[in-house]
*Asks:* 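My questions all concern the structure below.
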There are 2 protein chains.
Amino acid sequence: MPLQELKKFEPAPPCPIRDVLDRIGDQWSVLVLLTLRPGTRRFNELMREIGDISKQMLSRTLKRLEQDGFITRTVYPEVPPRVEYSLTELGHSFLEPMRALVAWADQNHRTIAEARERYRGGN
Amino acid sequence: MPLQELKKFEPAPPCPIRDVLDRIGDQWSVLVLLTLRPGTRRFNELMREIGDISKQMLSRTLKRLEQDGFITRTVYPEVPPRVEYSLTELGHSFLEPMRALVAWADQNHRTIAEARERYRGGN
DNA sequence: TGCACCTGGTCTACCTTGTAGACCTAAATG
DNA sequence: CATTTAGGTCTACAAGGTAGACCAGGTGCA
């Protein structure tokens, strides 16, 4: 029996924290949110600033972040079209604890790199 | 040209923070670390407590976390074998900012769920 | 008049990653 | 002698990500 069908019988994610963390822990979401922190950005600006995200994934990621209330999407009916994304209050509030994590990563990435190096050497 | 070959020419991850966050933002790592927070666990205990992780992914995740210095792996040469995993100092220190994020998720998951609901309704 | 160009996407074929489940080792137990 | 037990590995297969083509439709250029 495929996983898809099993999921139908699970009424809801049992742990709301996992539900939230699964969303933001998807490789791109946090990066998009951090990129929006300085201010409003357009689609292609996000593409350029992030650098190695595909259009499809950026599109999906933005859509989910909008659904979850982290960002707003504003369409200006011009030609060529202009679409602007910016953080909501919720998005900003999320980045507060996230920044603590980023600070940790910044402080400890050297330790981690050394651990990896030791592991290689120790083999 | 496949991505694999391109990566050969990139000397190192340009952003150490992304490097760290990519590792821990992989769906399972944080969950494993949180499960180890109360104390030492064995392989199958982790399987049971996490519930929906496959053996392979648990194995891989533990291996990487060990490489990066977040956890230690202790093998007792018994039969049947016994292997214990526990957090290092680094692992514990990582969970500190992480707990802030978990607290945020706990406080805001309702808001997020409502936003999702509104989105569905608004369509 | 014709033609390429612009943005913000979607679509499609491919490739990589994750999953479930069989299998393995080697001693103890019934 | 078959089964159990822990901690994995191996192998198909399914799911998810990627690159790149394509689209609309008004504008500038020739």
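Per chain, numbering begins at 1; letters A, B, ... match sequence-line order. Just so we're clear, the structure is a prediction, and the values are computed from it rather than from any experiment.
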*Asks:* Under 3.5 Å, is there a donor-acceptor pair linking the side chains of B:T72 and B:S86?
*Replies:* yes
*Asks:* Between B:L87 and B:F94, is any pair of side-chain heavy atoms under 4.5 Å apart?
*Replies:* no
*Asks:* Would you jot down, in residue-number order, the residues of residues 30-38 of chain B having a non-hydrogen atom under 4.0 Å from DNA chain D?
*Replies:* none
*Asks:* Would you give the length of the straight line joining atom CG of A:D52 to atom CE of A:M47, rounded to the nearest 0.5 angstrom?
*Replies:* 10.0 Å
*Asks:* CG of B:N108 to CD1 of A:I17: how many Å apart, nearest 0.5 Å?
*Replies:* 11.5 Å
*Asks:* Look up atom CD in B:Q56 and atom OG1 in B:T61, then write down how far apart they are to the nearest 0.5 Å.
*Replies:* 10.0 Å
*Asks:* Measure from CZ on B:R48 to P on D:dA6 and round the result to the nearest Å.
*Replies:* 7 Å
*Asks:* Send over the distance from B:D26 CG to D:dG17 P, rounded to a whole Å.
*Replies:* 13 Å
*Asks:* On the nucleotide D:dG7, are OP1 or OP2 found under 4.0 Å from the side-chain N or O atoms that B:R42 carries?
*Replies:* yes
*Asks:* Do the non-hydrogen side-chain atoms of B:L21 and A:M98 ever get within less than 4.5 Å of each other?
*Replies:* yes
*Asks:* Atom CD of A:E84 to atom P of C:dG8: distance rounded to whole Å?
*Replies:* 9 Å
*Asks:* Would you say B:W28 places a side-chain N or O within less than 4.0 Å of OP1 or OP2 belonging to C:dT19?
*Replies:* yes
*Asks:* Just one of A:V32, A:L34, A:D26 clears the side chain to side chain contact (heavy atoms under 4.5 Å, CB included) bar with A:V30, so which one?
*Replies:* A:L34
*Asks:* Rounded to the nearest Å, what distance is computed from the CZ atom of residue A:R64 to the C1' atom of nucleotide D:dG17?
*Replies:* 12 Å
*Asks:* Going by atom types only, do A:Y85 and A:R41 share a side-chain donor-acceptor pair under 3.5 Å?
*Replies:* no
*Asks:* Does any part of the side chain of B:V75, heavy atoms only, come nearer than 4.5 Å to the side chain of B:P81, both counted from C-beta?
*Replies:* no
*Asks:* Tell me: CZ of A:R41 to C1' of C:dT7, nearest whole Å?
*Replies:* 17 Å
*Asks:* From OH of A:Y76 over to C1' of C:dG9, roughly how many Å is that when rounded to an integer?
*Replies:* 18 Å
*Asks:* Establish, with yes or no, whether the OP1 or OP2 oxygen of D:dA6 is under 4.0 angstrom from a side-chain nitrogen or oxygen of B:Y85.
*Replies:* no
*Asks:* Take the protein atom CG of B:D52 and the nucleotide atom P of C:dT19, then report the distance between them rounded to whole Å.
*Replies:* 8 Å
*Asks:* I'd like a table of atom pairs between the protein and nucleotides 24-30 of chain D - only N or O on both sides, under 3.5 Å - with the distance next to each one.
*Replies:*
none

*Asks:* Please give, in whole Å, the distance from C:dG9 P to A:M47 CE?
*Replies:* 11 Å
*Asks:* Is there a side-chain contact between B:D68 and B:I24 (heavy atoms, below 4.5 Å)?
*Replies:* no
*Asks:* Taking only heavy atoms on the protein side, list every residue of residues 53-63 of chain A lying under 4.0 Å from any atom of DNA chain D, sorted numerically.
*Replies:* A:S54, A:Q56, A:M57, A:R60
*Asks:* Does this structure show an ion pair linking A:D106 with A:R99, if we count only N-O contacts that are shorter than 4.0 Å?
*Replies:* no
